[in-house]
Structure formats: C-alpha cells, structure tokens
Number of protein chains: 6
Amino acid sequence: MKKIRVGAAQISPYFFDKEKTLEKTCHYIREAGKLGLDLVVFPEVYFCGYPFWRGGVSVRQSTELAAKMIGSAIRWNGEEAVQMAEVAKKAKVNCVIGCNELSDQPGSLTIYNSLIVISREGRVLGRHRKLMPTHSERVYWGMGDASDIRTFKLDIGTTGACICYEHHMTLLRAAMAIKGEEIHCALWPGWWKVDGHLGAKTGEPGSKTCDIESAIRQHAIENQVFVISSSWYLKEEDIPPELKEVMRYNLAVGGSCIVNPAGIIIEGPVFNQETIVHTEIDLGERELAKAYFDGVGHYSRPDLLSLRIQDQAWTPSGPKKL
Amino acid sequence: MKKIRVGAAQISPYFFDKEKTLEKTCHYIREAGKLGLDLVVFPEVYFCGYPFWRGGVSVRQSTELAAKMIGSAIRWNGEEAVQMAEVAKKAKVNCVIGCNELSDQPGSLTIYNSLIVISREGRVLGRHRKLMPTHSERVYWGMGDASDIRTFKLDIGTTGACICYEHHMTLLRAAMAIKGEEIHCALWPGWWKVDGHLGAKTGEPGSKTCDIESAIRQHAIENQVFVISSSWYLKEEDIPPELKEVMRYNLAVGGSCIVNPAGIIIEGPVFNQETIVHTEIDLGERELAKAYFDGVGHYSRPDLLSLRIQDQAWTPSGPKKL
Amino acid sequence: MKKIRVGAAQISPYFFDKEKTLEKTCHYIREAGKLGLDLVVFPEVYFCGYPFWRGGVSVRQSTELAAKMIGSAIRWNGEEAVQMAEVAKKAKVNCVIGCNELSDQPGSLTIYNSLIVISREGRVLGRHRKLMPTHSERVYWGMGDASDIRTFKLDIGTTGACICYEHHMTLLRAAMAIKGEEIHCALWPGWWKVDGHLGAKTGEPGSKTCDIESAIRQHAIENQVFVISSSWYLKEEDIPPELKEVMRYNLAVGGSCIVNPAGIIIEGPVFNQETIVHTEIDLGERELAKAYFDGVGHYSRPDLLSLRIQDQAWTPSGPKKL
Amino acid sequence: MKKIRVGAAQISPYFFDKEKTLEKTCHYIREAGKLGLDLVVFPEVYFCGYPFWRGGVSVRQSTELAAKMIGSAIRWNGEEAVQMAEVAKKAKVNCVIGCNELSDQPGSLTIYNSLIVISREGRVLGRHRKLMPTHSERVYWGMGDASDIRTFKLDIGTTGACICYEHHMTLLRAAMAIKGEEIHCALWPGWWKVDGHLGAKTGEPGSKTCDIESAIRQHAIENQVFVISSSWYLKEEDIPPELKEVMRYNLAVGGSCIVNPAGIIIEGPVFNQETIVHTEIDLGERELAKAYFDGVGHYSRPDLLSLRIQDQAWTPSGPKKL
Amino acid sequence: MKKIRVGAAQISPYFFDKEKTLEKTCHYIREAGKLGLDLVVFPEVYFCGYPFWRGGVSVRQSTELAAKMIGSAIRWNGEEAVQMAEVAKKAKVNCVIGCNELSDQPGSLTIYNSLIVISREGRVLGRHRKLMPTHSERVYWGMGDASDIRTFKLDIGTTGACICYEHHMTLLRAAMAIKGEEIHCALWPGWWKVDGHLGAKTGEPGSKTCDIESAIRQHAIENQVFVISSSWYLKEEDIPPELKEVMRYNLAVGGSCIVNPAGIIIEGPVFNQETIVHTEIDLGERELAKAYFDGVGHYSRPDLLSLRIQDQAWTPSGPKKL
Amino acid sequence: MKKIRVGAAQISPYFFDKEKTLEKTCHYIREAGKLGLDLVVFPEVYFCGYPFWRGGVSVRQSTELAAKMIGSAIRWNGEEAVQMAEVAKKAKVNCVIGCNELSDQPGSLTIYNSLIVISREGRVLGRHRKLMPTHSERVYWGMGDASDIRTFKLDIGTTGACICYEHHMTLLRAAMAIKGEEIHCALWPGWWKVDGHLGAKTGEPGSKTCDIESAIRQHAIENQVFVISSSWYLKEEDIPPELKEVMRYNLAVGGSCIVNPAGIIIEGPVFNQETIVHTEIDLGERELAKAYFDGVGHYSRPDLLSLRIQDQAWTPSGPKKL
C-alpha cells in the first residue's frame, strides 16, 4: 500500500461532556470513512476539552475546573474508547484521538494529556501520554514515562504521534525516528502568533511566527515522514458561557495541514472552519527522501551520537521493565 | 554583555585561489569590524570553494577538481588561519569561517568540510568538521568525529556552529544544546527551492519550500538560541569559466538571516547581493525563552531520554580519549 | 576435505528487477551445482545492479535511481535470500552473493553494498556490508560497522569476503586473516584500466594497470589464502535503454580469476563472456605457504603491532556488544 | 618541491669486505649525484652481503659465515656510515642503504638486517631493522623492535622503507601509512620466480609469478605513495669462489623499478645489469590518488579498525619508552 | 609426599606419523606406570619429530618438510593429548611431553616447539612453547610468549619445564624459580659433543664438553630443584630412509639423567639405549639446599635486582592480560 | 686486540698481615708481567685472608678474629691499592684482586668481601663488594649495593667479576651480561667436594661434584664470555698455628682454570700447587659463540623478560642516584 488518504479533524468537543463528545467523535469518524480516509487525527486533548483558561483563573477556580476535567476523562481502553473503535471498524478508518486520560493506577485520579490510537480492525492499540506538560498545563496533567515513547503498527505503516510542544523536545522526536515511524501525527490546540517569546502567543490565522509551522516541517524533514497536523477550531458557541471571560488565549483558530517528507506543506493550513483537512499521500515518496537523507541510516553517525531510551516504566511499586 | 551585534558575510571566494580568497576574507573581517560587529559568520566551505558542480561531472573530472580543492585547502591552525586571526584581532570581531580543511593526520591528504572559529583575542580556537557530507559531497570530504561535537567559548558567549544538513541531524542539534551553546552559527551554500524531494533543488530567492527556513527557526526554538545563518552569494563572474557549464545547481543566491530564540526571523533573508547581513541582538531574550521552554532543563525528561555522546576521537592508531 | 572446486559467476543481473534477477541467480546456482562446485561467488551488488551510471547523472536523477535501487533491494535474510538458499541446498553449492541490501533498522530505507553468504545446508549465514563505499558510491550506500568485520564458517573452511576497494583497506584485510579466513572471495564490478590515478578508469580486458590484479595476488600472499575473484560481465543488451547514455564507465568486461596462496593466478582472468570461471584447488597447499610465511603466526610481531577491532556495532539507540 | 628524481642502485657489494664495499658505495652515491637524483636506494643488506647461501650450508658452516657477516657489519652511525654521509652531502643525494648492522647493546654481537637513512645534509638520520627475518635468515639476524617502526623526514618528504618480506606484513605496511610516509623505499635481494609456494623460488628475470610485483604495486596503492624498489644484481665474478657451490638460489638478477601511487610501474623493472634505475616523479600526483582513495583519511574506518603500535622498545634491562 | 619416583623416556617417535607415535607414547606411559613412576618426561619435540636434518636441506626441501611437521603436529588439548591423558590416568603417572604443537590462533598454521603437561588425574594442564628456537630451528617454529612463562601444579609439587637452549636463557631460568618450581624437567634432542663453538656439535656419548651437563647441574643449584633431563635415542632404523643422508648431526645418542638440588647427577647419564632412566628422589632434600642457599629468599637481593615478567600475551588482535 | 694472555694467581696471603701480603702480591703481579699476561686474577678475599675457620669457633673467638680482619683490611683506593697499581703499571698487567675492604662511610668499621680492579695504566678503577655473603660469612662482612653491580673498562675489553656464590645468583649473572662483560673473573676460596647438599663440602682436588665447575662453564655459555677462575692454594705452613684446629673445611686445594665461551675448560683445573694458571685466549671466538647464541641479542626475549637493576646506591643518609 503506497498511496493512502489521511486527514485532520479540525473540530472542538463538548467541554466536560463525555456523552455528547463521544457522539460527535463517532460522527466525525464516520465522515472520515465517507471521505475514504485511511487515517484521521483529532487534536490535543480534544476529548473533552483543553484548558484554554489556563493562566486566567484563580487557584480555587483552576482546581474546580480540573475536577471537571477528571470527571469527563476516559480510560485509554475504557467503554468510550471501545465504542469509538467499533465505529472506526465500520468506517474502515484508523484514528488518533487526543484526550484527557484517567490513570489506571489503583487509587489514583490523575489525568494525563494523552492520545489513543485505534486501528480500523476495531482495536484500541494503546496510548501515549504527553511526556511534559507545558507551563501552567502542569497544574492539570501528570507526566508520561518510558512506556509512552512508542509508535503504533497500523495497516498503513508504523505511526508515531506527539502532542504540541513535544515537537520541540529534540530527543523525543529522535525517538520517533528510531522507533520506526513512517507517518507522524501532530496534535495541537490551534495555530497561533508568537510575539517576542514562546509564551507570548495569541490565536492568529496564518501568522508567520507560529512555531507550529517550523516544528512540523522540520520533523517531516528530519524523520523523512509525512506529518498530519491536527488543530482545534473552537467556535464562539462552543465555549462554555462561564469560561468565555477567562479563555483569553483563544488559540483555537485551526491551522491543520499535511506535510510531505521534504518538509513541504502539501495541504492547508486551513483556518476558521470546522472541517476535515485531508489529502492523498504517496508513501513511496519516502524512498526519494531516504535516498537523499536517511536520518537513522546513511546520514546518521551512530558511532558518535546515539539516543539512550529508558527501558523501564515508572510505577509507585518500582520500575517496570518494558 | 547582553546586547551584541552579529552578522553573516554573504559573499563568495576565489575558487581554488588561496591567496586571493585570503585577501578577500581579511577585507570582509575588517568590514565587519567597521560595522561594530562582535561576530561575523562566513558560509559553508567558503574558503576556497564549494563543489557546486557536484552531480555534473565525471569521476575523472571530479577527482581532478577534488585535487584542486585539496591544493587550495587550509589547515585549521595553519598560516592562513593565523593571518585571519591577526586581522580579526585588529578588527575586534569574532569569526566563524567555513573552509576546506586539510587533514593534520600525517600522510593523509583528506579534506574536510570544516569551520574554524577565531576569537577576537587573535586566537584560532579550533575547528568543527561536518560529521556527514551530503550525497555526492561524500566524494570530496571525509567525516568528522567525536572531537567535532563541540562548542566554542567566545567573550560574547558559548557559540555552537553546524554546517548545512547537520541542521537536520537531530542528535547533533541536541548535542549543541547539551554542550551549552548560547549563540548558533548556521553555514550554508545558499537559499534554494526544494521541488518534490530534498535532492531536487535549485537556487530560488525567497522560496517557501527551502528547508533552511524551518531548520534554523526550529533550531532556535529547540535550543533557545539566536541563529546567525550565513549563505553564499555567487555572482556570475565568480564562477570559474571552465565550470560554468557544470555548476548547474546554482544554489548560491544568498538568503542569510538572523533568528531569535522564539524562532522568529528578525533580520533578512537577503538575496542576490554581496553584503554582510547584520543586526543587534539582545542575549537577555534567551531568559524569556528559557523561562517558558528550557530544552535541557525543566522541559526535558532526562529520566527517559538522553544523548550518548562518544567520548573518544577516532584515529588510525586507535581511539583517543577526549 | 582438502580438494574442492570453486568458481566465480561472471554474469550480470536484470537491473532493478528482483523477480527476473532471482530467477537468473537460481539458474546459475544450479549450473554451479552441475559443475560440481563447492563454492560459487557472484560479483559486487550483482543483485540487482551496480550504479555504473555514477558520475554521469544529476543529483535529481541519481536520487531517483537510488530510489529504484532501494525498491529492488533485498533483505539479507528476506524471502529472496531464503529462496536462493533452497536452490543452493539442492545444488549442493555454497554461495556468496553481492547485493543491494535493505536496512533492517526500523524506519530506515538505507541500502548497503552487501554480500550474503548461503551455506549448502540451505541456511543464509549472514551478511557483510561494504565498510566504505568508493567515491560517488557514497551517494547510494550506507556504511557497514563492526558487525560486518567477520568470516563465515562453511563446510569447506572458514571463508572471508570483501567487496571491491575494501581490498585496498589494509586493516580490513588484516582483520580477515585474524578472523581466520582460509578461502577469500573478492567481489568486483569488472576488470578495468587505470590511467594516471585510481579514479581514472575504463573497462579494458587484460589491462596490466588494473589494480585488481595486485590486490588479489597480494591478499592471497599476505593471508595465505586462495582467492576467488568475481567480476561482472555486462552485455550491451543488459543495460537498461534509458541508462545507455550515462553508464559511461562500462567497467563490466569480466576478469574473474582464481589465485593460489603463493599469489599466483591459477585460473583466468577470463574476459567478455558470461560464464562461471572455475577450477579445483587443493587447500593443503596452504600448509606449504604457512610453513614459509604465516602472517598471523611465526611471521608476525604481535608484540609490536596488533589490530584493534571494534567490539560493538553502532545503532541509533546506542552501541550493541558483538 | 613537487618534482624529484629518484633511483635504485642495482648493484652488489664485495662480500665480507667493508673497505672495498665502502669505496663502491661512495662511488655509486656520487654517480647518483651526477644523475641529479634526490634519492638513491641500495638493496637489502647490500653492505656487505646477503646470505644467498642460506639453505645450502651446514650449521657449522653457517655459524662461521655468520661470524664473517658480524666481522664486516657496520654500526648504524659508525665511521663507515659517517663517511658515506659526507659523500652524500657532496653529491647532494639522500640515501637509503641496506646493511648488516652490528648491535649497539653492550656485550651483544648480534647483527641485524637493517637499512640506514642518510640525508643530503650529511647526517645519518637513523636505522630500521627488519622486524622478522625470513625462514633461514633467522639464523643470521636478530629482530627489530618498536623503535624500528618509523619513517624518516627528508627534504623531499617523509620517507618510509621496508625490507623484503616486510612488504607482506600487513600491519607493518599500515604503520608506514600512519607514520606519514610519502615516498616508500623497498629493499630486496632480487627479482625471482615463485614456483608452487613462496619458499620455492629461483632468480628469473621478468617472471610473472614474482611476488615483488604485487607487493610493491599494492603498497603504492594502499598507502598512496611512490615506491622505489631496489634489488641486487650479482655478477658471476662477484660471488666469493668458496661460496659459488652453495649460493644456489641465485636470486640477484635485478628487477629494480619505480611505481606510482596508482600502483602503475612507471620505470623498469630492469634485469641483468649493474645500473641505477631512475626517473623523475611528480609528488603532486599523490593528491589525485588521495582525492580518490585516502587510506588514512576519508577511506578509512578508524571507528572500527585501528592499529596498536607498541610504544616502547625492548632492551635486556627493560622496556624503553619511545 | 616427599619421596617420589621420576623418569625420563629416552626414545624416539615415528617421524611424521601421528598415529604410530601416539601408540608408542601410550605404551611408554603405561611402562612408566608399571615402574611405579610419579612423573615421566619425554624429550624435545618428541611428538612427532625433531628436524635433525636442519642445516642439511635446501629452502624448498625444508619448507616441504615443515609442511610435514605441520601435518603431524598436535593441538595442546586436541584429541591425541586427550587420549594420552586417559592412558596417564590409568597408569597413574604425570607426563611432560615434547611435541610439535599446532597454533590455536584462527587462520594460523604455525607450529611451536612445545611441551604439554598431563596430570595423572587425566587432565591436560597446559603447554609451554619454547620462547626462542635455536639457529635454523627458527625456520620451523614460532616463538612462545609471556603465557609460556609458567609452572604447572601437579600432585607431586610445582613443576617447571624448559626446552633445550632455554636452559641457557638466564632470565627464563630465573622466572622458573620465581614461579615456584620444585621439580624441573629438561627436554633435549640428545647428548652431544661441542667442538670449538656451540654451533659445532655432533652426537657423542659421554662427551665432557656437552653443555647439557653444566646447564642442568647449574639449574638444579641456582633454583634448588631436582632436574629430570630427557633426551632422544634415535636408532638407525627410526630415521626415515629419504632423510638418512641429510640428518647429519645425529645428536640423538641419549644421555638422560637426574640431578639433585646440590647439582649432583644421581642417575645416568645413560647412552645408546631406548629406555626409561629413572630413580627415587626425596623432595625433602630441597630443605637442606634452601637452608644453605635460597635463591628467591635469603640469598637474593630483590632491593637491587629483580625480574620484570611481561604480564600480557601477544595476539594479532592485541595484548591479552594474563 | 683479539688474542690476549690471562691467568689466575693460585696462591695464599699472610693472614692478618698487610705488609707481607702486599709484598707477596706485588711479587706475583711482577711474575704475571714476566709471563706476558694481560690480566691476572687473585682469589676471594685473598688480601689478607678468608675465614676458613667459620663454623669452627665460638662467638667470642669469631668476634676477635673479625677484629683482626678489620685491622688488616685495606681501603679500595688506599695506599696499599695505589702501591699495587704502580707495580701493575710497570709489569703491564691488569689486576683483579679479592680483599677485605674497609668501609669508606665516615664512622663505620664494617668490612666487605670485595674485589678491586687495577688497570695497567696504573689506576685503581673501582671495587665490587660481594652482594650477599654466604651462610656464616654474614658474621664478618657487610653487603654490597647497586653501585657494586658493574663492569670495568680495561684495554683488553669490558671485564666483569663475581665472588664465589655470586655465581649462583642468577640475576646478578644476567646483570654482568647486560653491563656488557666480555671477560669474566671468578674468585673462589678453592675447589671442593659437595656431599649431599651445598653446605656439606670439603676440599677435594678434582671432585666431580664441586659446583664451581658447572657455575663457571654455565656462566661462560650464558654470557658468551671467557672465564678466568681463581682459587686459593693454602699450604699447610700458611695457616696461622692458632687456627689450624678450627680451619676444618680446608677448601683451599686450588682448582683454578680458564673456560671458553662455549663452556669448555681450556686450561686447568690445577690442584695443590702455588702457581699462576694461564693461557692465551682468542677473543674473536666470541663472535662464533654470539653468532649461534647471543644472550643479550638475537637469543633473548626482552619483550617478555628483562632485568630491573636498581639505579641507586644505599647510604645511611639516603639513596644515592648512580
């Protein structure tokens, strides 16, 4: 299979509402199926809501909102995931879905900024937890561990996925290559404008200072992969009324797009519309890229530089060999 | 010293002519001094000539041209370097200069795609050899080793430098951060247009598919450094007559520019003129960047991912502890 | 077993066509069996094609041709190899086969200039990757590592094999002796005429300046081994029409031959015919050679000079103990 | 200095007669000077006599002949050497001279199969002792040690020199390259015919089985050096009457020649005449060779294979750091 | 155990015939057992033949004879040794056996002038290779290294063993003392007459100029050990017909004997008969000797003189720590 | 100078009487001159008396006798020595003379069992103190130190000398070779019969168990030197009357002799007469010996075994660099 169709679901969920979000998600998986997609990617903690209010609320408020996030989080292989997997099987489309994931450590209620991967055979293949939440995100989410440094075997190829600023974690991106990714999914809250420094950002369609652009182009080049980059588009009416005041960053202007292994954006970015940004890609192009630059092959220097990847997961009862 | 002035010398050498190239280089170092620059960067194998003919000549021709490159190469601390250091001292400007560097292994005539770093105290601090030449470049140059994974201590801060596609070597870029670079110099042959795959490129001013742009922006972001990116500008009359036919790639259209630690291009890119692209930068801005995203600090996961850097150089008589 | 029959298959493959090349290879293995050979050697990247066009195409073309080479490469123990092993078992002949070998590093599409060794028990014993491609070959192939410095145990004796200019890598040839080779296979693209310098060569049957002759004679002497030297013979009609123009070196004139441990050519060189160059050799002759000159025994000075052989292979995720 | 003139003195000494041999040597140094040579090489233990009788005398006889060799041996910087150096200075020619060299270890009367190097500034630069005498030669000569693994700095370039079968010692030849040799001198007793195995040889002008040819051609290629190969020519009347019967190998038929760095014989071999075989060579040709194949540079794999060179000389009172 | 019975097997092997020699050896081990011996010593390269023809054949002949020696050599712990060990176990006698030993370095066919030590528990304890062959012996055998400077732990005491002229190597004899030998085995080809110089010798029973006598007496005194000295006796009919002419030295007249720690010959020498020369010795006598003169104790001056023993063995792939 | 005449003065001194002993010594030096000797050697502590009474007297007696020895001892370069040197100059004979030597350490009255060497140029060249007195000798003499490990340059060659059981000190004998001795002097009290162990000895002319014989023969062989061995002959009337009872060992029966480098006794031993045992020797014979066996040259293994010689002398005020 060389030519496949891939897309990014540029939508928003129902904040804190698992049921309605599940319904909307299933709808979009079916839509992707109708478009003949082999893979559809949903944005960062799409299920059920990214804390766009971060930095705009008091400690008390943020704690109460966190509890709401916990209340609407799903388990990576819980009933909601299983239900989505059934729909994906019928629609014949592989899915990568950002979500608030509830810990499966007995006694814990920590949530993680995770993504789950569902194969079109109808199986939930696993999860990836964001290794390091960004700035005030650290108020809401725990951190992943070595078990989250992984790729997923899909029928269309080995698929890697990172969340937002993980695309600036040089060694994690290297790990994706070493784990053999052929297709990369990038999950973001939405295109933005960087003003002065990385923390100073506001949503701005088409901004030339948005670091998403260089991150996904460079990742495509360095790893010789296609990148499907998925961002929120948050309509005014999707914002919970009580949060309108504090969701001041308003990052969710869209910006989803698709990049080829030469780092060229071949579809999108699309702004300010709820849609599935999609196109056909020819995986055979990777051979041309690799022939010229193979970052884990002829253009590497493993005699000089190599990546040490932790081989055990952390658990309260000790490290667990992976 | 927080505010400094930096520049990229966007020029071309006299092909295969050490003497005239030395003269021109010294002239431009003095010009940099007149502009009050603290650092000036010359492009990839500027001294004395990049094989723009690669892919266009027979094995016999390329071998003979290689011999010319050998004949006009300099030693990293040879007389030409020392002479440039003297000029740099007078001009009070630190210099990073791409060059064909002749091996100092007894009996070897291998050349390397190297850069040398000269401090404005008048000392040649050392060299960095490109770790892996690109595609048919491998015909001309040897490969660097672990001793080339290094930064340089200048009065203006710790300075790292990579050459062309080294900016796509993920682990090398990570090494630059780990070695503490604060200012990064990027040496290229010139801005280009990528068409289809990385190997299919032609010089085109301002092309939006040039992978230089994403590489230097992303490097600035991931390492939280300023990047001074220096490219050739090769005028028609600079091409040796006998090579006009075969220098078909014509990449040397300029494109030098300067990027801040948030990945924003703050000066340039400038095309089609021989000039020093320069500006003032405020190193203090790195603090803002680091506060939000510190790739070797709070935003890293050294418990999970770390870089193994070889600690010995390779020599024909055995490894040499660094 | 002292007296054995050995041969060099002086043929050419179907360029970029795995299926037809596999068929032809199996045919020649059977032919070797009919001749009663105990060992047959196929030339450098015989399977499926050496880039005779190198130095004659643009970077874009060469990248596209490289992608074709990748597309028709085999894995060292992939299905094609297994199929050849089955034929070898029936024909009762050990095989050494040059091939484009596709990397088994996940995510990599690098190919190597490799040889695989198949025992007549029907097992693919392993591979050797050329340690350093020559000149513009570096555009197409990655480099081997320490795991490629090895010999192979066959029923007829310990067998070493090097590819083309590896026969000029002094320390590699020494390693072959230390690893105990008793029979040496030399894989080449074809006899040539060297004119002035090593890079200036054209195919010329019987040329007295061809460096193959001194390389294989000297290797036989220094290591006290028999050498089976196998070269391509490429008929006009075997060249893909679209490459006729650019395959200007035309090295594949044959020249296969067999050398005894005293450095005397005892069979061949044969030119300009597709054939198996073969003869009977008496391994007992090595005792006479060794009695007079044993390069890893009485005629060595290990107290003064010894070979340091790297004991780990390089991988992107770190060195791997061999 | 790129173009120089080099030659091989194809002559024989007066057996066991230091005085007359010294006179003859000085004569030929002067002749070399008249020919405008920059370097002249005399053959293996030319001064004063190689044991061509080996294998043809009893233990008692060989011991008595050994005593004669001891009696006519010279010290490396003794009066005979100093006298030759004076002549060399006047003649303006660098000399490499094979000789029986008497030990300078107090109490020892061991002789070595050595060569001494004399610069045309009139200094005896040092000696090289054959590391391992061949077969019955071991009856006559001691073995060199780590101090004998060296090159010599002459005004014409770094010069290495090996004696006879040292050219089959792979690691020693590698050491010559690592020690930076640019010009190589090869000292032999004379061209021969190898029949069956290396120990079965007789003098035969122009024999195609003589292993000297492949040794010097291959050495030139592997080390990218010019080789001046010097052999004895022993006229009937030069043989001491009492040894005519036993000097049955009669190897000294000449065969001196000169090889370029591409392994091509560019002068000679000359047989059956007492002469100086000489020609002009262009050291610049090494750049072409090195551009294509640099055995201690771009075409080496020091990360995999390197040479361990003993760093101390052996003495009866303990190792001596070099 | 203070009183033990020791003997020297004064016999000859079947030249070049491993099978028959093995049979004869086993026979004599059994004979030693019947005599109630605790230790029996076989002479220098008894298994299967010393080159008594040395100095009497051409280089070609000697190479061919060397190949025969290689062909009939044994590995120190090969099947022949194991078989002898089984016989030794049954016969309850420790054995020291001189042999042509084939190298265990992969790829080497060098033989060594070795001895192997077999314990009466039925184990082959190890080997000692002659450190330096004598005169034309150097044509046939390699040299031992630091691993050969050793003693062997037998139930009867620590046992050292040297071969022939090793008894004139002062520092090796010192090493035997330092390694703690209590019983010393001396292996020789046979008693001789020295005429004028050491190289001028012929077999002569009882000659007073034979240097064996002073060597073994002095060794007994200096090291305060018993010496069992074993020599060949070669009957006319044991000489291979084709070698009768050239085995001119005829050293193998016997002369085996036993010496006490005061340097007094207490048994033998016996000449011209095939026999086991044997006697009872009282190891308690060493206490008397040591009380008066302890060469590694009260009568030494380690503050002034000490022996530096190399602590690594030499191998082609580098020194190996012992 | 190849042929020289050497002798051993087989005489006895006047016990405890410096004056008369001096006179007698000068007489014998003159006698040696008349015989045309180039070198004459006097026995162990000849000047003025060896304690033949040792083991036969009480502690009180031995202390009183020791005081007598001190009283009649000489300084190595004192007036007696100078007087002997004048005589030696006139007689044109080099002398080695055993003596009781009085310490030159301020405040000490220790005596040493020493020998002094006088050149025929009339200079006292130095002394050698016995490194370790034997058994009850330790009651009388101190021990030498590193400054006593030396040879002496005489016009006839480098001369070494050891005293009595120093000839059983393996490493000291090795040191003599390393220090370059060409002629060796051995000083003894007289030939003896060893009965059972080394301490059980009585004077017996011609005894075949005397360890002197093997010691000097073996030393000649191992060091390839001539040995002049000098012993006392003590006539009944020379024994001080009061000591007749206790001088029970009666060792002084003579036995002086001369040995060639092949270990063959070429003059003597002579018993029971006061005489100078002398002969002509041909130093050229050493070349034949060395050609076959050179213990510090071709027949040594300095890579494995070497002698560590202390490089400082011991003094009460600390070590003194030599």
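Chain A is the first sequence line, chain B the second, and so forth, proteins listed ahead of strands; every chain is numbered from 1. Just so it is clear, the structure is predicted and the values come from calculations on it, not from any experiment.
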Would E:Lys321 and E:Asp311 count as a salt bridge (charged side-chain N to carboxylate O under 4.0 Å, His left out) if you check the C-alpha gap in whole Å, the side-chain angles of each, and the deciding distance to 0.1 Å?
-> CA-CA 6 Å; E:Lys321 210 79 193 169; E:Asp311 59 356; 3.2 Å; yes
Say whether E:Ser229 and E:Trp188, considering side chains only, have a donor N or O and an acceptor N or O under 3.5 Å apart.
-> yes
With under 30° as parallel and over 60° as perpendicular, where do the rings of F:Trp191 and F:Phe271 fit, or are they tilted in between?
-> perpendicular
Structural part of E:Asp303 lying under 4.5 Å from a heavy atom of chain F | both
Contact leader toward chain F among E:Ile149, E:Ile266, E:Asn223, where contacts are heavy-atom pairs under 4.5 Å = E:Ile149
Which region of E:His167, side chain (C-beta onward) or backbone (N, CA, C, O), has a non-hydrogen atom less than 4.5 Å from a non-hydrogen atom of chain F, or is it both or neither?
-> backbone
Per-residue contact mode, F:Asp211 against chain E (heavy atom under 4.5 angstrom) = both
Below 4.0 angstrom, N of the basic side chain to O of the carboxylate: do E:Glu101 and E:Arg127 qualify?
-> yes
If you count heavy-atom pairs under 4.5 Å with chain F, which of E:Ile264, E:Ile265, E:Asn260 comes out on top?
-> E:Ile264
Is chain F contacted by the side chain of E:Leu171, its backbone, both, or neither, given a heavy-atom distance below 4.5 Å?
-> both
Run the ring pair (Phe, Tyr, Trp, His ring centres under 6.0 Å) check on E:His168 and F:Phe293 step by step: do they pass?
-> CA-CA 9 Å; E:His168 297 338; F:Phe293 185 90; 5.8 Å; yes
Under 4.5 Å from any heavy atom of chain F - which part of E:Leu288 | both
Which bit of F:Leu172 is near chain E, if near means a heavy-atom gap under 4.5 Å: side chain, backbone, both or neither?
-> both
In terms of side-chain geometry, is the basic nitrogen of E:Lys2 or E:Glu285 positioned less than 4.0 Å from the acidic oxygen of its partner?
-> no
Measuring heavy-atom distances to chain F, does E:Ser300 have an atom under 4.5 Å in its side chain, in its backbone, in both, or in neither?
-> backbone
